[in-house]
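Worksheet for the structure shown next.
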Amino acid sequence: MRDKENKNPADIPAEHDSNTSTRHFIHDLIDEDIAEGGRFAGMAVHTRFPPEPNGYLHIGHAKAICIDFGIAEQYGGLCNLRMDDTNPSKEDVEYVEAIKEDIHWLGFDWGDRFYYASDYFEQMYGFACDLIRKGLAFVCEQTPEQMRESRGTLTTPGIPSPWRDRPVEENLDLFRRMRAGEFADGTYTLRARIDLNSGNFNMRDPVLYRILRIHHHRTGDDWCIYPMYDYAHPIEDALELVTHSLCSLEFEDHRPLYDWVINNLDLPAQPRQIEFARLGINYTVMSKRKLRRLVEGGLVDGWDDPRMPTLGGLRRRGYTPSSIRNFTDRIGVSKVNSTVDYAFLEHCLREDLNSNARRVMAVLRPVKLVLTNYPENLVEDFTVENNPERPEDGTRTVTFSRELWIEADDFAEVPAKGYFRLFPGNEVRLKTAYIIRCTGCEKDADGNVTTVYATYDPDTRGGNAPDGRRIKGTIHWVDSKTAVAAQVRLYDNLFAVEDPDSAERDFLEHLNPDSLEVLKQAYVEASLAGSSAPLNCQFLRLGYFCLDSKDSRPDALVFNRSVSLKDSWKK
RNA sequence: UGGGGUGUCGCCAAGCGGUAAGGCACGGGACUUUGACUCCCGCAUGCGUAGGUUCAAAUCCUGCCACCCCAGCCA
């Protein structure tokens, strides 16, 4: 049913094309607009993603990107990328390239439609003069304090600025001189003349232009007056022939002003603003301001720390573009303030990596296993499948000898109820190698197990029992003769509480002290020697890991755990 | 107290007057050379709440309640 509206159904991943969650209320509204014709007659659906280049993109932006580009795609329309750079005090070119890179990484492309709001400064100035001529804007001399006082309160209307009825010619002259740099910063503003009685503060004569002598990253010092978002945005959209301007819920109050600008100017299009809820995820924070505090406070390893919800962080953590697109697609789009479980994001990653990541064996917390009846100098080769989900990915060879590394967790001197791994007297299968029987262990002075002893059954090569006996446990291992040492970083939630934002206390007080655990002496199988990023793989029975793009070197591997495997045993 | 929004399972979310989809999480079972994957089964007599209209209401009407956003020369 959904496909009826989708001009391009082939672009929707097959695994959820029967899922209604990809269709949502915005589709309904657009369908209505198309059916009505009217101001959208003859126009292709046209959206835009308009970030302000003042920080790095995070997964909340990914939701918006998927909606903006996704809807354009589904309707056979277009989506522009536009830097909303109307406030030079916060912006920097540094972010522009990073933003473009992140969007491309997600798999979206804006073609030749990359724009800057600053491209339109001259036209915006002209439109402002039009508003003045229509008596819809005036130059105001109120200070910020005076403006705040005369704006009124929730229950009382605003009172008119003393400059509200300034004659058109005088307004035109003053506005021209504002632009010419005749006045100091903050001394004059251009304001819209709308409705001081409105219950909506945005309509109580909002500021349209302010004087700001700040070097702009693109226009340099050409301008000393800059347009405000509420005035600039509808013009930017209209000039680009955008039909549907999608944004988040907090702009609902701004829509009347958006429409006011559209309706009072002679623009080439009349875009419609539609608002949706922004993404929240538990155990993390999403505001740029807070993420910045984490970075600047040195609490994380930069904007791309693998624990960060930034696209850079998720990428370094091992998240794939399709896992993120899938996630944003499946959480749906609505107007309800919502917080999605982090577990769902993890689910989407596991789902992707389960079918695509090659399996390897690695031992994170090594304990030596000695097979006392295995010949001292014998080395055998075993063939292992790279991905049981995808036989076409082939096989590889791992070596096997008398001394192996196994996971400390896979041995228990005294097994808990239901434990079916290695313990004295018990049999276990070494993945693809042999069935072994534990005979005991050796401990150091502190009681830590240092070596586990076992005998192997030579008749079970490959792990098959000729007598058909059932072996419940299969454990992973790495040959100590060929193992490659590696550092492995395990990550947990950055915050210890579900909603670090809500509490009375500062969000930083909820940081999870155990969000990072570094294992300096792990062992991975020899096939991984010399690898370099990007590399996603599954460490058998442990989880999905990737090479750290910053710190790993072919001769000194560093892995990040992207997400653990589900574990129905965990004590 | 003004304006704008939203309330369907622990978390997302369909539903648009005809008798509560789906996913995640969770619990149980089957399978298993990953305690993974996969596969079965279970999981809202209930849709913020109180009334009303109707043969029939999550869907329509009215009142209440709760939560979110807004008084930047930020976006």
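Small disclaimer: the values here were computed from a predicted structure and weren't measured. In the text below, chain A, chain B and the rest are named by the order of the sequence lines, each starting its count at 1.
Classification of A:Arg82 and A:Asp237 as a salt-bridged pair holds, one side-chain N sitting under 4.0 Å from a carboxylate O. Using a 4.0 Å cut-off between charged nitrogen and carboxylate oxygen, A:Asp85 and A:Lys90 do not count as a salt-bridge pair. Here A:Asp501 pairs with A:Lys290 in a salt bridge; the nearest charged N to carboxylate O distance falls below 4.0 Å.
Aromatic ring centres of A:Tyr258 and A:His254 lie farther apart than the 6.0 Å criterion allows. Aromatic pair A:Phe175/A:Tyr188: ring centres not closer than 6.0 Å. Taking the ring centroids of A:Tyr231 and A:Tyr226, they lie at or beyond the 6.0 Å cut-off.
Applying the 4.0 Å criterion to OP1 and OP2 of B:rU34, one finds that A:His476 has every side-chain N and O outside that range.
Nucleotides B:rG17 and B:rA57, compared at atom P, are 14 Å apart to the nearest Å. For B:rA14 and B:rG7, the P atoms lie 9 Å apart once the distance is rounded to whole Å. For the P atom pair drawn from B:rG23 and B:rC39, the interatomic distance equals 10 Å after rounding to whole Å. Distance check on atom P: B:rU38 versus B:rA25 gives 10 Å, rounded to whole Å. Rounded to the nearest Å, the gap between the C1' atom of B:rU45 and that of B:rC37 is 37 Å. Of the P atoms belonging to B:rC9 and B:rA58, the separation is 15 Å, rounded to the nearest Å. Using C1' as the reference atom, B:rC43 and B:rG28 are 11 Å apart when rounded to the nearest Å. Going from the C1' atom of B:rU53 to that of B:rG29 covers 48 Å, rounded to whole Å.
Among the heavy atoms of the strands lying under 4.0 Å from A:Pro388 is at least one base atom, whether or not backbone atoms are also near. Across all strands, A:Lys431 comes closer than 4.0 Å to base atoms (heavy-atom distances). Within 4.0 Å (heavy atoms only), A:Gly158 reaches no atom of the nucleic acid at all. Nucleic acid contact class of A:Ser334 (heavy atoms, under 4.0 Å, all strands): sugar-phosphate only. Base contact: A:Arg359 has a heavy atom under 4.0 Å from a base atom. Within the nucleic acid shown, A:Asp28 comes within 4.0 Å of at least one base atom, counting heavy atoms only. Counting any heavy atom pair closer than 4.0 Å across all strands shown, A:Glu275 reaches no nucleic acid atom. A:Thr432 comes within contact range of at least one nucleobase, with a heavy-atom separation under 4.0 Å.
Of the candidates B:rG35, B:rC26, B:rG4, the closest approach to any side-chain atom of A:Phe420 belongs to B:rG35.
Using N1 to N3 plus N6-O4 or O6-N4 for Watson-Crick, or N1-O2 and O6-N3 for G-U wobble, each under 3.5 Å, B:rA21 pairs with nothing. When Watson-Crick and G-U wobble pairs are counted only if both distances are under 3.5 Å, B:rA58 pairs with no nucleotide at all. Summarising the base pairing, B:rC39 is matched to B:rG29 through a Watson-Crick or G-U wobble pair whose two defining distances lie under 3.5 Å. The partner of B:rC9, taking Watson-Crick or G-U wobble pairs whose two distances both stay under 3.5 Å, does not exist in any strand shown.
Summary of the strand contacts: A:Ser198 and A:Arg429 both lie near RNA chain B, and taking for each the nucleotide with the nearest heavy atom, the more 5' one is attributed to A:Ser198. If you find the closest nucleotide of RNA chain B to A:Leu430 and to A:Thr339, the one lying nearer the 5' end belongs to A:Thr339.
B:rG23 atom P lies 12 Å from atom CD of A:Glu351, rounded to whole Å. Atom CG in A:Leu565 sits roughly 14 Å away from atom C1' in B:rU38 (whole-Å rounding). Atom C1' of nucleotide B:rA36 and atom CH2 of A:Trp569 are separated by 16 Å, given to the nearest angstrom. The distance from atom CD of A:Glu252 to atom P of B:rC67 is 19 Å, rounded to the nearest whole Å. Atom pair A:Phe327:CZ and B:rC24:P shows a separation of 14 Å (rounding to whole Å applied). When rounded to the nearest whole Å, the span between NE2 of A:His24 and C1' of B:rA21 equals 18 Å.
Within a 6.0 Å sphere centred on CZ of A:Arg278, heavy atoms belonging to other residues, nucleotides or ligands number 12 at most.
With rounding to the nearest 0.5 Å, the separation of CG in A:Leu212 from CD1 in A:Ile225 is 11.0 Å.
Residue A:Asp341 places a side-chain atom within donor-acceptor reach of the base of B:rG10, judged by atom type and a 3.5 Å distance cut-off alone. Evaluation of atom-type donor-acceptor distances gives no pair under 3.5 Å for the side chain of A:Glu389 against the base of B:rU38. Not a single donor-acceptor contact under 3.5 angstrom links the side-chain atoms of A:Arg255 to the base of B:rG4.
Put simply, the side chain of A:Asn202 gets close to the backbone of A:Asp253: a donor and an acceptor are under 3.5 Å apart.
Tested against A:Asn387, the residues A:Glu392, A:Gln538, A:Arg359 include a single side-chain hydrogen bond (donor to acceptor under 3.5 Å, both in side chains) partner, A:Arg359.
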Base-contact (B) and sugar-phosphate-only (S) positions in nucleotides 70-75 of chain B, heavy-atom cut-off under 4.0 Å, - elsewhere:
SBSBBB
